[in-house]
A.B. asks: 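Right, I'll just put the structure down here and ask away after.
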Amino acid sequence: METAAATGLTFRDAVDSDVDALVALIDSAYRGDSSRTGWTTEADILAGQRTDAEAVLAVIEAPDSRLLTVERDGTVVACCQLEHRGDHAYFGMFAVSPALQGGGLGKVIIAEAERTVREVWGATEMHMTVISVREDLIAWYERRGYSRTGQMTPFPYGDERFGIPQRDDLRFELLVKPLV
């Protein structure tokens, strides 16, 4: 496993002045034509925005939460949300610049996120939710040690802050990984 230093990455907590760059990064990784450069696109199942400035700022400012920001050569190239929830942590808002996807960056970032929540919060599990029809993405997480739970929550149809669904069978599945 490559280390952050070996990949030239710098990890830090996001600050208010990062909001616009982070919104642009997250949207570019999942929505619209720019997202098709990478493999994490949701453009065929969701239109519209992936997030907005208000949602990103809420993660930055929330207690027991951090938005881990990843830079290479002073440019934001990835991010992920980490939230302390008792004995486990929640992993979300994960985005890697589409131009850099497929090169192993995601593996380094998720490993750093797992290390961080173990060391900082003593978390024994990492939880995340993934749109259940995203089989390729779920398989990627399974290769990182995450397990499908079958526990589903509804997609927020009608709330365009989360995008405009292009199909009627979207829901979120909980994935879990033990960190001990």
Side-chain angles (χ1 to χ4, degrees), residues 1-5 7 9-27 29-30 40 42 49-72 76-97 104-132 134 137-156 159 161-163 170-180:
M1 170 69 72
E2 283 189 285
T3 64
T7 59
L9 301 177
T10 303
F11 292 83
R12 64 175 176 79
D13 287 338
V15 295
D16 293 3
S17 61
D18 293 320
V19 169
D20 290 343
L22 290 167
V23 169
L25 168 72
I26 294 163
D27 278 348
Y30 291 95
T40 61
E42 295 173 343
Q49 68 180 29
R50 176 64 149 62
T51 193
D52 58 25
E54 183 179 315
V56 171
L57 191 59
V59 172
I60 292 171
E61 294 179 343
D64 290 328
S65 177
R66 55 199 301 190
L67 189 53
L68 195 60
T69 301
V70 185
E71 293 180 330
R72 180 182 277 161
V76 175
V77 297
C79 68
C80 63
Q81 169 192 7
L82 302 173
E83 185 177 319
H84 187 204
R85 296 183 177 177
D87 63 347
H88 74 274
Y90 177 79
F91 179 85
M93 218 176 267
F94 186 30
V96 175
S97 172
L105 217 57
K107 294 176 197 172
V108 173
I109 294 163
I110 200 166
E112 177 65 13
E114 292 165 356
R115 184 199 65 75
T116 297
V117 300
R118 261 193 325 268
E119 290 182 9
V120 174
W121 295 324
T124 58
E125 283 185 339
M126 185 79 90
H127 291 198
M128 71 174 71
T129 55
V130 178
I131 297 174
S132 63
R134 297 290 319 276
L137 186 58
I138 291 171
W140 187 86
Y141 285 120
E142 287 178 316
R143 291 190 300 275
R144 312 275 93 63
Y146 288 80
S147 297
R148 298 180 87 155
T149 65
Q151 183 179 332
M152 302 289 180
T153 54
F155 186 87
D159 188 342
R161 291 178 303 157
F162 299 99
L170 302 181
R171 54 194 181 152
F172 295 105
E173 183 171 2
L174 176 65
L175 305 182
V176 176
K177 178 180 180 177
L179 298 178
V180 290

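Residue numbers count from 1 along this sequence. The figures here come from the full heavy-atom set of this structure, side chains too, leaving out hydrogens, waters and symmetry mates. Keep in mind the model is a prediction, meaning the values are calculated, not measured.
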A.B. asks: Could you walk me through whether Tyr146 and Met126 satisfy the side-chain contact (heavy atoms from CB on, under 4.5 Å) test, starting with their C-alpha distance in whole Å, then the side-chain angles of each, then the deciding distance to 0.1 Å, before giving a yes or no?
C.D. replies: CA-CA 8 Å; Tyr146 288 80; Met126 185 79 90; 3.3 Å; yes

A.B. asks: Which heavy-atom pair separates Cys80 from Ala113 by the least distance, and what is that distance?
C.D. replies: SG-CB, 4.0 Å

A.B. asks: Atom CG of residue position Asp159 - does it have more than 12 heavy atoms of other residues, nucleotides or ligands inside 6.0 Å?
C.D. replies: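 Result for CG/Asp159: enclosed.
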
A.B. asks: Taking C-beta and beyond as the side chain, do Tyr90 and Glu125 meet within less than 4.5 Å on heavy atoms?
C.D. replies: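 Not touching, per the 4.5 Å side-chain cut-off.
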
A.B. asks: Does any N or O in the side chain of Ser65 come within less than 3.5 Å of the main-chain N or O of Glu83, such that one atom is a donor and the other an acceptor?
C.D. replies: no

A.B. asks: Tell me whether the centres of the aromatic rings in Phe155 and Phe172 are closer together than 6.0 Å.
C.D. replies: yes

A.B. asks: Parallel, tilted or perpendicular: which one describes the rings of Phe91 and Tyr141, with boundaries at 30° and 60°?
C.D. replies: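 Perpendicular, since the angle between the ring planes exceeds 60°.
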
A.B. asks: For atom CZ of Arg161, is the number of surrounding heavy atoms from other residues, nucleotides or ligands below 6.0 Å larger than 12?
C.D. replies: no

A.B. asks: Using side-chain heavy atoms (C-beta onward) and a distance below 4.5 Å, is Val15 in contact with Ile60?
C.D. replies: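 Side-chain contact under 4.5 Å: no.
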
A.B. asks: As an exercise, state the distance from CZ of Arg144 to CE of Met128, rounded to the nearest 0.5 Å.
C.D. replies: 10.5 Å

A.B. asks: Is the number of heavy atoms from other residues, nucleotides or ligands within 6.0 Å of CD (Glu61) greater than 12?
C.D. replies: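 It does: Glu61 CD has more than 12 such atoms within range.
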
A.B. asks: Mind checking the OG-CZ spacing from Ser132 to Arg148? Nearest 0.5 Å is all I need.
C.D. replies: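 Between atom OG of Ser132 and atom CZ of Arg148 there are 7.0 Å.
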
A.B. asks: Report yes if the side chains of Leu68 and Asp13 come closer than 4.5 Å at any heavy-atom pair, otherwise no.
C.D. replies: yes

A.B. asks: Less than 4.5 Å apart, side chain to side chain, heavy atoms only: is that true for Leu22 and Leu67?
C.D. replies: yes

A.B. asks: Looking only at side chains, do Thr51 and Tyr30 share a donor and an acceptor under 3.5 Å apart?
C.D. replies: no

A.B. asks: Does Arg118 make a cation-pi contact with Trp121 (under 6.0 Å, within 45 degrees of the axis)?
C.D. replies: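 Output no; distance or angle outside limits.
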
A.B. asks: State, with a plain yes or no, whether a side-chain heavy atom of Glu71 is found less than 4.5 Å away from one of Leu9.
C.D. replies: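 No. Closest side-chain heavy atoms not under 4.5 Å.
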
A.B. asks: Atom CD of residue position Glu142 - does it have more than 12 heavy atoms of other residues, nucleotides or ligands inside 6.0 Å?
C.D. replies: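 Yes, because the 6.0 Å sphere around CD of Glu142 holds more than 12 heavy atoms from other groups.
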
A.B. asks: So how far is it from Asp52 CG to Ile26 CD1, rounded to the nearest 0.5 Å?
C.D. replies: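 The CD1 atom of Ile26 is 10.0 Å from CG of Asp52, to the nearest 0.5 Å.
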
A.B. asks: Grab the two heavy atoms, one from Gly145 and one from Pro178, that are nearest each other, plus how far apart they are.
C.D. replies: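 Scanning both residues completely, I find the closest heavy atoms to be O-CD, 4.5 Å.
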
A.B. asks: When you compare the side chain of Arg66 with that of Thr116, does any pair of heavy atoms fall below 4.5 Å?
C.D. replies: yes

A.B. asks: Find out whether Thr10 and Val70 are in side-chain contact, i.e. whether some heavy atom of one side chain is under 4.5 Å from a heavy atom of the other.
C.D. replies: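 Thr10 vs Val70: side chains apart.
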
A.B. asks: What are the two closest non-hydrogen atoms of Arg50 and Asp27, and how far apart are they?
C.D. replies: N-OD1, 2.7 Å

A.B. asks: Tell me whether Glu42 is salt-bridged to Arg134, with the criterion being a basic N under 4.0 Å from an acidic carboxylate O.
C.D. replies: yes

A.B. asks: Any idea which heavy atoms bring Val96 and Gly106 closest together, and the distance?
C.D. replies: CG2-CA, 4.4 Å

A.B. asks: Would you find a donor on one side and an acceptor on the other, under 3.5 Å apart, between the side chain of Thr149 and the backbone of Leu174?
C.D. replies: yes

A.B. asks: Rounded at 0.5 Å granularity, tell me how far CD in Gln49 sits from CZ in Phe162.
C.D. replies: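 These two atoms lie 9.0 Å from each other.
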
A.B. asks: In the structure I gave you, are the side-chain heavy atoms of Thr129 and Glu173 within less than 4.5 Å of one another anywhere?
C.D. replies: no

